[in-house]
Each structure stands twice: as C-alpha cells, then as structure tokens.
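Residue numbers begin at 1 in each chain, while the letters A, B, ... track the order of the sequences.
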There are 2 protein chains.
Amino acid sequence: MQTDTTPAGVPSGSRVLEHPRREAIRLADVLHALADPMRLRIVCRLAAADGELNCADTELPVSKSTCTHHFRVLREHGVIQQIYRGTAKMNALRRTDLDDLFPGLIDGILRAADLQAERLGNTCPTGHSG
Amino acid sequence: MQTDTTPAGVPSGSRVLEHPRREAIRLADVLHALADPMRLRIVCRLAAADGELNCADTELPVSKSTCTHHFRVLREHGVIQQIYRGTAKMNALRRTDLDDLFPGLIDGILRAADLQAERLGNTCPTGHSG
DNA sequence: TCCATTGTACGAGGAGCATCGTAGTTCGGA
DNA sequence: TCCGAACTACGATGCTCCTCGTACAATGGA
C-alpha cells in the first residue's frame with residue numbers, strides 16, 4: 001500500500017503511459033498510424049467495441065510483440081488511449097479528441113473501411129459484417 | 001505523325017501512364033499516400049486548384065526527382081490522375097473515383113488539413129490561408 | 001509465496017521509403 | 001535542325017518500418 005498521486009479512478013500502483021496532448025496530434029501522424037492494415041483493423045475493432053479492449057481481444061494475426069508495437073504506434077500518434085488495469089492494458093479510441101481536432105475524419109475513415117470490407121467481402125472492419 | 005489510339009482529347013503521341021482501376025484502389029494505400037506531409041501538401045494544392053497542375057506549379061521544397069517520386073506514389077495509389085500535355089505532366093485529384101469509393105473521406109482529410117493549418121498558422125493546405 | 005496471465009524491452013533481419021544527383025528522353029518552338 | 005523546358009530512370013544513401021523471438025516485469029489470485 002502506498003499513498004500515490006494517481007488520478008481518481010486509476011488503481012493505485014498502475015504504471016503510467018505517455019500520451020500526446022490533444023494539441024500535439026498531427027494529421028499526417030494520424031494518417032500514418034492508420035495507413036497500416038493491421039492498425040486500421042485495430043481501430044475498426046475499437047470503434048465497433050465503442051469502449052475498451054485489451055490487446056488480446058483484438059486477435060491479430062501477428063506475434064505479441066508486434067501487437068504491442070502497433071498499439072504503441074497508435075497511442076504515440078494520438079489515435080488511442082491506453083490504461084493499465086491489472087495485468088491487462090485497455091485500449092480505447094480517442095474519439096473526442098480526434099473529432100474535436102478533425103471533425104468527420106475518423107468517421108470518414110471508419111465508413112470507408114466498412115464500405116471497402118463490404119465490397120471485398122472482408123470481415124475485418126467495424127464489426128458490422130463480422 | 002501517326003494514326004494512334006489515344007482517347008479523345010489527348011494529344012497524339014502522348015505517353016501513357018498507368019493508373020489503378022477504381023475498383024483496385026485500397027483505403028490503406030490512399031491513407032499511406034496521404035500520410036507523407038509532402039504528398040498531403042500536393043493533394044491540398046490540387047484540391048484548391050480544382051483542376052490540373054503540373055509538377056512545377058506545386059513548388060515543393062524538394063528536388064525534381066523527389067517530386068517525380070511523390071507524384072508517382074500518388075498516382076500508383078489511385079489518388080491522382082496524370083496526363084502528359086506536351087512537355088508538361090498535368091495532375092488532378094481523382095475526386096469522382098475516391099468520393100464514389102469512400103464518400104466523405106477526401107473531404108474529411110482536406111478539411112482536417114485546413115483546420116490544422118489554421119491552428120498552426122501554416123500556409124500549406126488547400127490554399128484558403130496562403 | 002508461487003504461478004499464470006498479460007504485456008514490455010531489446011535486438012535482429014529484411015523490406016520499404018524519402019531524398020538526392022546525374023544522365024537521358026520527350027516535346028514544342030526558334 | 002537545334003535548343004531549352006519539363007520530366008524520368010537509375011543508382012546510392014541513410015533512415016524508418018514491420019515482424020519476430022527471447023528474456024523480463026507487473027499484476028492478481030491460489
């Protein structure tokens with residue numbers, strides 16, 4: 001037990017992850033983060049979940065370390081928010097920040113991913129088709 | 001002089017450039033093409049021009065060969081259309097195709113670029129501020 | 001205390017990319 | 001026919017990225 005300085009709602013002892021401030025998020029970075037198929041997939045799943053998912057929940061066809069890598073890229077580029085909860089690390093889209101900075105951008109991209117999945121018969125995107 | 005098979009409106013003797021068919025354009029490719037600041041800049045200028053620009057018109061702070069490279073990436077990823085006109089090569093956004101495939105995507109990205117430029121005081125994007 | 005779960009750090013391999021300079025091609029006009 | 005303008009092809013350089021395996025750390029529960 002320790003009298004720590006973690007903000008309200010965060011379990012004491014949680015490790016802290018650095019996120020870019022909202023003002024520091026750059027469009028080119030966001031696009032770059034979403035330009036990778038694996039990361040686009042992650043973001044689609046997070047959007048579909050409309051809440052938190054841990055890394056394992058996304059069931060990516062890559063190794064654990066690669067998974068860690070992609071989630072970190074998304075976080076460092078301002079696309080997702082990550083918090084430790086016990087042994088798990090929960091991930092959520094930074095929708096509020098992104099919608100505020102770039103209104104319609106994320107919606108447009110998610111919608112485009114959906115449409116493309118429909119066209120190609122994929123099962124990846126926001127979950128409506130798989 | 002030669003009886004060639006170039007489509008109507010294209011000066012005879014023009015070299016032909018390969019473009020991906022509309023159905024072959026992939027979201028991740030488009031995002032990747034736009035994830036580079038230089039290419040995002042190009043696309044913003046083309047959108048502002050609402051017509052054709054040649055490479056030199058975009059006045060990029062890179063060498064000619066790098067310029068060629070970026071335009072080719074944009075073309076091969078389905079973002080722009082390129083046609084030779086004499087010694088010049090004209091470039092235009094494939095708005096119809098992109099809007100048809102991914103409604104709202106390009107608008108969202110262009111708008112985001114504009115907003116970011118306003119916030120940061122840049123002069124790059126669609127031209128409204130520079 | 002011990003262990004399973006979850007995720008990280010680190011380094012490596014292989015691929016791809018952004019950039020450049022130089023030499024060459026295509027075109028239109030003098 | 002010759003020249004300049006616009007652009008390309010090619011190779012090189014240095015950086016970044018995606019992927020992985022292995023070893024390690026933090027947490028919660030038995």
Nucleotide N/O of nucleotides 9-15 of chain C paired with protein N/O under 3.5 Å:
none

Specify the separation, in whole Å, of atom [atom1] of [X] and atom [atom2] of [N].
| X | N | atom1 | atom2 | value |
| --- | --- | --- | --- | --- |
| A/Tyr84 | C/dG7 | OH | P | 9 Å |
| B/Phe71 | C/dT19 | CZ | C1' | 16 Å |
| A/Arg85 | C/dG7 | CZ | P | 13 Å |
| B/Glu76 | C/dG16 | CD | P | 13 Å |
| B/Ile83 | C/dC27 | CD1 | P | 15 Å |
| A/Lys64 | D/dC20 | NZ | P | 13 Å |
| B/Leu34 | C/dA18 | CG | C1' | 16 Å |
| B/Asp29 | C/dC17 | CG | C1' | 14 Å |

Side-chain donor or acceptor of [X] paired with backbone N/O of [Y] under 3.5 Å:
| X | Y | answer |
| --- | --- | --- |
| A/Arg111 | B/Phe102 | no |
| A/Arg75 | A/His19 | no |
| A/Asn91 | A/Leu53 | yes |

To the nearest 0.5 Å, what is the distance between CZ on A/Arg39 and NE2 on A/His77?
6.5 Å
Show the nearest heavy-atom pair for residues B/Val79 and B/Ala33, with the distance to one decimal.
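Closest approach of B/Val79 to B/Ala33: CG2-CB, 3.9 Å.
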Are [X] and [N] close enough that a side-chain N or O sits under 4.0 Å from OP1 or OP2?
| X | N | answer |
| --- | --- | --- |
| A/His32 | D/dT16 | no |
| B/Ser63 | C/dC20 | yes |
| B/Arg39 | C/dA18 | yes |

Within the 4.0 Å heavy-atom criterion, would you say A/His69 contacts the bases, only the backbone, or no part of the nucleic acid?
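The residue A/His69 makes base contact.
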Between A/Arg95 and A/Asp99 (salt bridge meaning N to carboxylate O under 4.0 Å), is one present in this structure?
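Salt bridge present between A/Arg95 and A/Asp99.
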Side chain of B/Asp36 only, please: which of C/dA18, D/dA6, D/dT19 is the nearest?
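Among C/dA18, D/dA6, D/dT19, the one nearest the side chain of B/Asp36 is C/dA18.
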Should A/Ile25 and A/Asp29 count as side-chain neighbours, where that means a heavy-atom distance under 4.5 Å?
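The answer is no, as the side chains (C-beta and beyond) never meet within the 4.5 Å cut-off.
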Evaluate the side-chain proximity of A/Leu115 to B/Leu27: yes if any heavy-atom separation is below 4.5 Å, no if none is.
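Result no, sub-4.5 Å side-chain heavy-atom pair not found.
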DNA chain D contacts among residues 51-62 of chain A, heavy-atom distance under 4.0 Å
A/Val62
DNA chain C: B/Thr66 or B/His77, which has the more 5' nearest nucleotide?
B/His77
Atom CD of A/Glu23 with >12 non-hydrogen neighbours under 6.0 angstrom
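For A/Glu23, atom CD is crowded (more than 12 foreign heavy atoms under 6.0 Å).
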